[in-house]
Structures are given as C-alpha cells and as structure tokens.
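What you are looking at is a predicted structure, and each value in this text was computed from that prediction instead of being measured. Positions are given from 1 along the sequence.
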Amino acid sequence: MFREMRRGKQALHTAACEEVLKRGTAGVLAVAGDDNYPYAVPLSYVYDAGRQAVYFHSALSGHKLEAIRRNSKVSFCVVDKDIVMPKEYTTYFRSVIVFGRIRILDDGEEKYHAIEALALKYAPDDSREGRDGVIGDGTRFCMLELKIEYMSGKEARELSRHKLAIATDKWKLRDITCLYEKESRAVYSARAEKWGNVIIKVSEDKKELKSGFDMLKALDGAGCCKAYELDCDLGVAVIEQIFPGCPLREEQNHEKRVEAFYSVFHAIHTSKAGCEGHETYMDWLERAERYCRYSGAAAEIRDKMRRACQIGQEMFDKYPERVLLHGDLHHDNILLGGRGYCMIDPKGVVGPEIFDIPRFLLNEFDYVSAEETKAHIERMAGLLAQETGYDKADIEKLLFMEGMLDAVWCMEDGEYTAELLNRLRCFY
C-alpha cells in the first residue's frame with residue numbers, strides 16, 4: 001500500500017522516527033481539500049507511542065474539519081533538522097512522515113486523554129488544576145486523533161560528518177578513521193589530546209546514546225570500556241578504545257567463549273547502576289510487535305512476535321529483579337583488552353539479569369550449520385545455565401524472544417531475515 005523509500009540508505013529505523021516525533025513541536029498535516037486541491041496546514045501536536053497515534057487541537061469548524069469529514073486519509077510531516085550548507089548547495093536534513101486515518105474525538109474520556117497529553121508536552125510544569133482550568137469542559141475545541149498506519153523517516157548521511165567536525169574542534173581529535181556509518185548513527189576511532197585513543201559515537205537516538213553512556217559511567221571500567229564525555233544535544237559520545245580489541249567472535253573454543261562471556265556478564269551486573277529513566281525490555285518488545293502489526297508484516301511474523309512478547313512478560317513475572325542490562329551483549333561487543341575481556345556499546349535497558357544471555361546465544365548460530373544449530377545451542381545453553389544458575393529451558397525460551405526481536409529490527413533496516421527465522425523454528 002505504501003511506497004518503499006527510493007534511497008533506502010538514508011532511511012531512519014522506527015525508533016529514530018519515534019524520537020523525531022517525540023521531540024518535534026510542530027508539523028504539517030496534509031488533507032484532501034476543496035476541489036481536490038491538497039490542503040497542508042501547520043499544527044502543534046503530541047505523539048503517543050503507546051497508542052501509535054498523533055493528537056491535534058482544532059477549532060470547532062473550518063476547512064480542515066470539512067476535509068477530514070470527506071476523507072479521513074491523511075499524512076503528517078515533521079522536519080527535525082535542516083542545516084543549510086551554501087558551499088555544497090544542499091542541506092543536512094532529517095524528517096519523518098506518517099500516514100494514517102484521522103478522526104474527530106467525540107468520547108469524553110478519549111478527548112480528555114488527548115488534550116491532557118498535549119498540555120503535558122507544551123506546559124509540563126503546570127499543575128493538574130491549571131491544566132483543567134484551561135481545558136474546561138472541552139466544548140470550545142475539537143481534538144483529532146491520527147492513527148498511524150505507516151511511518152518513514154529520512155536523513156542526510158552527511159549529518160553525522162557535520163557533527164564529527166564539531167566534536168573534532170571541541171575535543172581536539174585527530175587521526176580520525178570511520179569504522180561504521182549507517183542511517184542516523186556512526187562510529188569513528190580517533191586520538192584525543194586528553195585521553196589518547198578513543199571511540200567517537202554519533203547517534204540521533206540521543207536517548208539510547210545517553211542510556212548506554214550513563215551505564216558505562218556508572219560501571220567505571222568494571223567489565224567495560226570507560227566513558228569520557230557526552231554531548232547529548234549534539235548526539236556525540238567519547239569513550240575508551242580497547243586494545244588490542246580482539247572480539248570474542250575470534251575465540252574458536254566454545255567453552256572459553258562461555259567463560260569469557262560470563263566474566264563480563266558477572267562484572268557488569270554487580271554494579272549499583274540505577275534503572276531510573278531507562279527503557280525496559282518490554283518497551284522494546286512491544287514496539288517491535290507494533291511495528292509488525294502496522295507495517296504489513298506476514299501473519300507468521302506477527303504471530304511469532306506476539307509469542308515473543310508473551311515470553312518476555314512471562315520471564316519478567318518469573319524474575320522480579322530489575323537491573324541495568326547491556327541489551328546487546330553479543331560476540332562483537334565483548335573485546336579483549338589489557339584488563340581482560342570487557343564489553344562495549346551498551347544500550348542501557350532495564351530487565352531481569354537473565355535477559356542479557358540470549359543475545360550471546362544468538363551469535364552462536366554463526367559457528368555451526370543450520371542442521372547443527374539445535375544441538376549446539378542446547379549444549380551452549382547448558383553451559384550458560386551451569387555458569388549463571390539460570391534454568392536452561394528459560395534461556396532457550398529467551399533465545400526465541402531475542403531472535404524475533406532481532407529479526408524485526410533487521411526487517412526495519414530492510415535486511416534479509418529468512419535464514420534467522422528458519423533457525424529459530426527449532427525453538428518455537
């Protein structure tokens with residue numbers, strides 16, 4: 001129904017699109033206006049991630065409402081960044097467009113939810129009494145709800161380089177080498193005058209960037225690289241570069257891989273790092289399930305992602321402890337350095353400690369053929385159960401959950417997932 005982006009390498013993943021919608025303050029709503037002329041009107045708005053909806057305030061009558069009553073199909077665009085680069089005859093941009101159907105809210109409870117959400121966004125320090133005084137009985141205005149059916153975002157790839165140039169001046173960086181550039185994030189190695197060899201992370205998902213940085217800061221080198229500086233407004237973090245930096249993937253002995261993994265797993269979970277302000281694993285799972293529901297994913301994918309959410313909730317209930325997790329503790333995020341193996345690139349997500357195990361197991365698929373997968377994973381899950389004390393069956397359940405989460409993330413990035421899904425079938 002909805003067109004794929006022509007220049008897919010500039011596409012933003014869903015989480016980055018949602019961050020744009022959350023921090024934006026105005027956008028343009030396009031409706032089918034009079035005499036088939038498009039009518040595009042700038043509006044303030046609030047995005048509700050839980051309901052996958054955008055809410056607007058409106059007068060009781062006018063061109064916009066007449067158009068909506070004739071045709072409920074609309075699009076809404078938010079421009080997040082537009083840096084004009086005169087010498088290059090271009091701009092460094094970022095924007096998001098959503099498509100869906102819009103309706104006028106008649107139910108009193110729905111209408112109050114929408115106007116309060118809008119008030120909390122634009123006047124967060126006001127009291128409930130103050131908000132209620134402005135809202136009144138709600139008869140002087142309309143509230144509109146746009147239910148999102150499709151969402152896409154786009155960003156100029158040069159935006160990361162522009163931020164890197166600012167960071168270079170700020171922290172006196174030199175010998176910069178690009179390690180990774182994709183969509184709204186990039187990673188560079190450099191030498192800093194103050195700290196020596198460093199990694200520069202550039203990301204438009206500033207919430208995730210800060211979450212991971214705060215976790216490293218709290219751990220202070222215990223089982224991890226050190227965190228040096230964060231400019232959250234710019235979306236750039238400076239962290240320690242690990243030498244020699246050999247990834248755990250290069251270790252061919254499976255028992256030694258488990259030992260190295262557990263040494264890091266144990267070290268990072270003994271920290272007193274706080275969980276406040278961080279997303280939970282259930283937030284991730286529910287977002288992925290919503291993506292499957294609204295993106296037109298195949299019924300099999302939707303069903304399996306729904307099962308993954310059920311497993312996540314089951315494990316959240318079974319293991320009530322809440323710790324700050326790495327969230328992506330795979331073989332390439334565990335590096336050998338002067339202090340032994342340590343982790344890099346944490347996401348900083350909240351959940352039971354056991355949730356940091358399945359990502360490691362998922363990478364174990366790479367060591368065996370499809371036919372050998374089940375036997376190898378069962379052997380590795382048994383070793384991990386011995387080391388951690390967790391139930392082997394629960395570890396295997398979480399592997400399926402993590403595999404589906406990874407598959408959906410790959411789908412969001414336009415990557416092929418058939419092989420991964422095929423291997424997960426023996427654990428479903």
Please determine whether the number of non-hydrogen atoms from other residues, nucleotides or ligands lying under 6.0 Å from atom NZ of K226 exceeds 12. no
Count the heavy atoms of every other residue, nucleotide or ligand shown that sit under 6.0 Å from NZ of K210, and state whether that count exceeds 12.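 Atom NZ in K210 is not packed in, count stays at 12 or less.
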Without hydrogens or angle criteria, can the side chains of D317 and Q313 be said to hold a donor-acceptor pair below 3.5 Å?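 Judged by distance alone, the side chains do pair up.
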Strictly below 4.0 Å, N to O, side chains only: are [X] and [Y] in salt-bridge contact?
X    : Y    : answer
E66  : R69  : no
K347 : E279 : no
E229 : K170 : no
E19  : K207 : no

Could you check R249, H331, H330 and say which one makes a side-chain hydrogen bond (donor to acceptor under 3.5 Å, both in side chains) with D366? R249
For E364 and R359: C-alpha separation, side-chain torsions, deciding distance, then whether salt bridge (Lys or Arg N to Asp or Glu O under 4.0 Å) applies. CA-CA 9 Å; E364 287 293 317; R359 178 60 62 160; over 6 Å; no
So, is the end of the [X] side chain (NZ or CZ) under 6.0 Å from the ring centre of [Y] and within 45° of the ring's axis?
X    : Y    : answer
R257 : Y367 : yes
K111 : F141 : yes
K201 : Y180 : no

Would you check if the distance from the ring center of Y390 to the ring center of Y319 is below 6.0 Å?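 Between Y319 and Y390, which both carry aromatic rings, the centre distance is below 6.0 Å.
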